[in-house]
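Everything quoted here is computed from the prediction, not taken from an experiment. Convention: sequence-line order gives letters A, B, ...; per-chain numbering from 1.
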Amino acid sequence: NAGVIQTPRHKVTGKGQEATLWCEPISGHSAVFWYRQTIVQGLEFLTYFRNQAPIDDSGMPKERFSAQMPNQSHSTLKIQSTQPQDSAVYLCASSHWGGSSYEQYFGPGTRLTVL
Amino acid sequence: QQKVQQSPESLSVPEGGMASLNCTSSDRNFQYFWWYRQHSGEGPKALMSIFSDGDKKEGRFTAHLNKASLHVSLHIRDSQPSDSALYFCAARAYGSSGNKLIFGIGTLLSVKP
């Protein structure tokens with residue numbers, strides 16, 4: 001089991017450019033989560049999917065951020081017109097669904113740097 | 001205000017010592033708690049969960065939950081240098097809408113040889 005895979009591990013963009021981050025969840029997990037980690041804010045929930053359907057995007061910035069899960073084997077987080085304040089580590093996690101006892105397994109994260 | 005508060009922000013203990021980390025939730029919807037550990041350059045990894053009042057022990061790690069006060073603690077006995085990491089308390093709300101985790105700001109633990 002390779003665990004949750006995130007690519008790329010590091011991404012540098014110029015201000016105003018687009019960034020697309022990829023996540024491959026653990027096979028058999030039906031829930032996929034996205035979080036953002038910064039020194040100041042810590043770990044913040046962004047959005048999650050169950051069986052590929054969006055369930056809760058309450059943590060997503062209203063503009064420029066979008067997430068999709070076109071199939072059970074990958075999810076993407078897209079940031080349009082990136083800004084320096086978007087610089088962070090973006091973490092993807094997956095878990096089985098149903099019941100709060102299910103552990104979320106995190107990937108290594110993608111470090112996004114916006115110049 | 002953070003819904004999950006952690007203390008201390010940082011902690012240094014000698015090898016073999018006891019490390020105690022604290023977490024309090026300000027939201028009574030949060031009934032399920034996890035402790036996660038993150039080493040530098042890696043994603044967080046779950047250490048243990050606790051959902052019932054009282055103590056839960058797993059090896060050198062003991063978690064304690066007091067649901068009335070929404071206070072959770074983690075105690076690490078016989079601390080090792082490999083325990084040096086960022087520790088997060090995470091809470092989950094009751095019910096199907098609560099599958100997301102709400103994290104505290106973290107406690108940076110340093111275990112000195």
Exercise. Out of S49(B), G106(B), A90(B), P44(B), which one racks up the most heavy-atom pairs below 4.5 Å with chain A?
Worked result: P44(B)
For this session: Would you check if the side chain of T82(A) reaches a backbone N or O of G14(A) as a donor-acceptor pair within less than 3.5 Å?
Result: yes
Exercise. H29(A) and S95(A): side-chain donor and acceptor closer than 3.5 Å?
Worked result: no
Exercise. With a cut-off of 6.0 Å (strictly less than), are more than 12 heavy atoms of other residues, nucleotides or ligands near CD of E63(A)?
Worked result: no
Exercise. Between W35(B) and C23(B), does a side chain to side chain contact (heavy atoms under 4.5 Å, CB included) hold up when you go through it step by step?
Worked result: CA-CA 10 Å; W35(B) 284 98; C23(B) 172; 3.9 Å; yes
Exercise. Which residues from residues 79-89 of chain B are near chain A, with near meaning under 4.5 Å between non-hydrogen atoms?
Worked result: L86(B), F88(B)
For this session: Go through the atoms of S58(A) and report whether side chain, backbone, both or neither lie under 4.5 Å from a heavy atom of chain B.
Result: side chain
Problem set entry | Distance-only polar pair, side chains of Q37(A) and Q38(B), donor-acceptor under 3.5 Å | yes
Problem set entry | Chi angles and distances behind the side chain to side chain donor-acceptor pair (under 3.5 Å) call for H64(B), S73(B) | CA-CA 5 Å; H64(B) 177 82; S73(B) 59; 5.5 Å; no
Exercise. Which bit of L43(A) comes within less than 4.5 Å of chain B, counting heavy atoms only: side chain, backbone, both or neither?
Worked result: both
For this session: Using modelled atom types only, decide if a donor and an acceptor are shared between the side chain of T24(B) and the backbone of H71(B) within a distance under 3.5 Å.
Result: no
Problem set entry | Over 12 foreign heavy atoms within 6.0 Å of CD, E44(A) | yes
Seminar exercise, completed: Within residues 107-115 of chain A, the residues sitting under 4.5 Å from chain B by heavy atom, in sequence order, are G107(A), P108(A)
For this session: Please check if the side chain of Q6(A) supplies one atom and the backbone of W22(A) the other of a donor-acceptor pair under 3.5 Å.
Result: no
Problem set entry | More than 12 heavy atoms from other groups under 6.0 Å of NZ on K112(B) | no
Problem set entry | Test item: R36(A) side-chain N/O and Q41(A) main-chain N/O as donor-acceptor pair under 3.5 Å | no
For this session: Return the option, out of Y105(A), Y35(A), F33(A), with the maximum number of heavy-atom pairs under 4.5 Å with chain B.
Result: Y35(A)
